[in-house]
Amino acid sequence: MRFLAITLTTAALTAMLWAEGIPVKSQLVQDKCGGCHTLDSQQRMSRISYQRKTPEGWEETVRRMVQLHKVSLTPAEARAIVQYLGDQQGLTASEVDKISYALEQREDQEQIPNEAVRTACATCHSYARIAAQRRTKEEWLKLKSFLLAIIPTIVYQHRYMDWMTTSDEALAYLAQQFPLETPEWQREKNQTAPGETAWVVRGYQAGKGDYVGQIKMSVAADGSRQTQAALEFADGASTTRTGTGHWYGAASWRGNAQWLEGAKGREIYHLSADGTTLRGRWLGVERPGIAGEETLYRRDGQPRLVAVFPKTVQSGAKNIELRIYGADLPANVKPGDLSLGDGLKVEKITAATTDRITVEATVAADAKNGRRVVQVGTATAKDLLCVYDKVDYIRVLPERTMARLGGIHYSKQYVQFEARAYNRGPDGVPGNDDDLEIGVVKPNWAIEELYNAYDDKDREFVGSIDQNGLFTPATEGPNPKRYRSAENSGDVYVTAEYKPGNDAKAMKARAYLLVSIPKMRDTLIP
Ligand code: HEC
Ligand code: HEC
């Protein structure tokens with residue numbers, strides 16, 4: 001009897017020590033979700049305590065609880081619940097790094113490491129949507145009945161394969177790959193988000209170009225953050241931007257910002273595991289598809305170089321103005337403190353602050369094609385400046401992409417094309433890895449028919465492109481002017497024609513563009 005009691009106690013102790021699950025300490029979550037998700041003695045709630053996901057993941061779950069299970073929440077309560085769960089049960093910096101491309105809507109070819117997951121799961125949504133979750137084994141396995149219940153046609157849709165068996169394999173793999181608690185989660189979960197901080201930013205907006213600037217982040221009374229940015233483009237134009245936002249956990253920033261000119265953007269940024277660099281993209285609100293990418297470096301007193309404008313110089317160029325941007329650069333720099341690399345000579349420093357140095361420089365006529373190491377005092381950077389002798393070819397980017405019809409019931413999905421010029425690089429052979437990107441050029445833009453269906457005349461219906469490379473798709477819905485009142489969807493080539501000099505031969509390049517129907521259901525994770 002006594003022996004049995006001891007055994008039981010040890011078993012109970014072991015169970016307690018190994019018990020997984022994240023306690024839910026929020027009274028609001030307990031009140032609003034507790035009706036269906038039971039709370040145990042360790043404040044763990046059924047289902048909820050056994051998953052971790054991105055703020056978008058939590059938002060989708062909460063939306064489903066409202067839409068499918070009739071949970072009643074005010075918008076403020078829903079936001080507070082997503083904030084709490086996003087903070088306490090999110091992904092760490094190193095975990096989110098692997099799937100941030102999907103959240104930031106970067107165009108990317110997904111690498112799916114498991115065949116069963118690829119065929120049984122990534123057929124309806126991205127792999128990232130799955131890899132953006134951490135669950136206990138039991139919670140991974142529950143997904144099968146969940147999917148069968150919400151999509152009763154799932155097996156039929158996958159009738160070319162044995163979905164019932166392959167999904168088991170996929171879920172077993174995921175349970176092993178993405179458990180709820182991991183050493184990195186234990187290590188990183190108690191990190192705190194940046195508070196009052198200053199950042200130097202380098203950004204790029206297709207259609208407008210490179211920019212740099214300073215960003216201040218301050219803490220508002222309600223714990224949210226306010227941002228203020230002063231930005232300067234490579235072409236000299238400047239602007240300001242103000243915004244508000246929230247950190248979810250220590251690493252995920254979600255903000256809303258507005259430029260001086262009125263345009264708005266939604267910021268989806270992720271902090272590096274060492275806390276020094278915040279990287280991500282802002283997505284245009286008025287024109288979906290218009291976006292920019294930014295890297296923010298936290299100002300910590302260490303001298304740092306961030307950009308040189310222009311970022312490419314031609315051999316033989318005399319007395320050109322170069323602006324060198326950075327943070328905490330030495331005061332009172334002399335030409336001797338500066339180096340622009342082989343074949344470049346600083347003639348004089350025309351202006352200098354600790355954030356920005358303007359110089360006049362000359363490039364030797366025989367300077368070799370290639371990147372240069374730029375040095376100011378102790379700060380060096382190797383990717384900020386390059387020398388080229390001539391434009392060898394151009395490319396249209398993105399090379400393959402998709403726009404979406406819209407404008408009546410749904411929003412249009414725009415595409416900003418760019419023509420970029422390249423030099424053959426140090427090896428003298430064009431079309432390989434050492435080629436140098438010289439920058440964006442202004443070509444003549446046009447849309448060309450792609451002959452893959454007889455007489456469909458897609459070129460006349462899909463939309464139009466302006467001379468800055470912005471493609472505006474046509475409206476959705478049947479078009480009586482089209483054969484059998486078809487939609488305006490279709491596929492075409494977008495072509496660019498550019499002359500590097502007045503009497504030079506024109507260079508041509510093209511991209512493939514698919515113009516598809518609108519996105520009917522807006523998911524937060526693709
Ligand atoms: C009225 C009952 C009800 C309430 C209240 C409720 N849920 Fe649920 N919840 C369900 C049901 C039923 C399921 C299983 C089906 C599903 O996943 O949609 C579920 C599943 C879940 C899951 C697992 C989802 C998955 O992907 O496996 C999570 C997490 C969750 N709920 C969170 C919440 C949160 C957070 C709240 C409070 C805002 C909440 N629930 C309130 C009924 C409820
Ligand atoms: C037939 C299409 C389809 C297939 C195949 C599919 N899913 Fe999904 N999945 C969905 C839909 C639709 C949702 C969104 C449910 C909602 O919230 O409304 C979803 C949601 C999810 C979610 C988020 C659930 C939450 O609330 O946190 C995960 C995780 C997921 N799927 C994993 C998988 C895995 C793993 C597989 C393969 C075993 C798979 N899916 C296969 C359609 C599919």
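Every heavy atom of this structure was used, including side-chain atoms; hydrogens, water molecules and symmetry mates were not. In listed order, ligands and their atoms are each counted from 1.
In this structure, a donor-acceptor pair under 3.5 Å is present between the side chains of R299 and Q214. Side chain to side chain, Q89 and Q51 fail the donor-acceptor criterion of an N or O pair below 3.5 Å. No donor-acceptor contact under 3.5 angstrom links the side chains of E95 and W185, judged on distance only.
Those atoms of ligand 2 that come under 4.0 Å of a heavy atom in I150, given as number and element, are 15 (C). With ligand atoms numbered from 1 in the order given, ligand 2 contributes 5 (C) to contacts under 4.0 Å with heavy atoms of H158. Atoms of ligand 2 found under 4.0 Å from any heavy atom of T123 (numbered from 1 in listed order, with element): 5 (C). Near L174, meaning under 4.0 Å from any of its heavy atoms, are these atoms of ligand 2: 35 (C). Of all atoms in ligand 2, numbered sequentially from 1 with element shown, those under 4.0 Å from a heavy atom of A120 are 5 (C), 37 (C), 41 (C).
H37 lies close to atom 8 (Fe) of ligand 1, since one of its N, O or S atoms is found at a distance under 2.8 Å. Atom 8 (Fe) of ligand 1 has an N, O or S atom of M65 inside 2.8 Å of it. At least one N, O or S atom of H125 sits under 2.8 Å from atom 8 (Fe) of ligand 2.
If you check each of L148, D168, L143, T61 against atom 28 (C) of ligand 2, the one with the closest non-hydrogen atom is L143. Nearest to atom 2 (C) of ligand 1 by heavy atom, out of S72, C36, A149, is C36. Of the listed options Q89, H69, K70, E139, H69 places a heavy atom closest to atom 12 (C) of ligand 1. Counting heavy atoms only, C121 comes closest to atom 36 (C) of ligand 2 of the residues A116, C121, A131. Of the options M45, Q30, Q51, the smallest heavy-atom separation from atom 25 (C) of ligand 1 is shown by Q51.
For the ligand labelled ligand 1, residue R64 lies inside the 4.0 Å heavy-atom shell. In this structure, Q133 does not count as a contact residue of ligand 1, since none of its heavy atoms falls inside 4.0 Å of the ligand.
The shortest N or O to N or O distance between R135 and ligand 1 is below 3.5 Å. At under 3.5 Å, not a single nitrogen or oxygen of E60, backbone or side chain, sits near a nitrogen or oxygen of ligand 2.
Given atom 42 (C) of ligand 2, the protein heavy atom at minimum distance is I151 CD1, 3.2 Å. Ranking the protein heavy atoms by distance from atom 27 (O) of ligand 1 puts R47 NH2, 2.7 Å first. Taking atom 18 (O) of ligand 2 as the reference point, the nearest protein heavy-atom neighbour is R521 NH2, 3.3 Å. Of the protein's heavy atoms, C33 SG, 1.8 Å lies nearest to atom 37 (C) of ligand 1. When only non-hydrogen protein atoms are considered, atom 4 (C) of ligand 2 lies nearest to C124 SG, 3.3 Å. Looking at atom 5 (C) of ligand 1, its nearest protein heavy atom turns out to be V71 CG2, 3.3 Å. If you check which protein heavy atom lies closest to atom 32 (C) of ligand 2, you get I130 CG1, 3.6 Å. With respect to atom 14 (C) of ligand 2, the closest heavy atom belonging to the protein is R129 NH2, 3.5 Å.
Taking 4.5 Å as the limit, some side-chain heavy atom of L180 sits within range of a side-chain heavy atom of I22.
When heavy-atom distances to ligand 2 are checked against a 4.0 Å cut-off, L147 comes that close only through its side chain, counted from C-beta outward. Contacts between K144 and ligand 2 below 4.0 angstrom, taking non-hydrogen atoms only, are absent altogether.
Cation-pi geometry between R400 and Y512 is satisfied (NZ or CZ under 6.0 Å from the ring centre, within 45° of the ring normal).
Results of the salt bridge (charged side-chain N to carboxylate O under 4.0 Å, His left out) test with E294 over R279, R202, R241 single out R241 as the only residue that passes.
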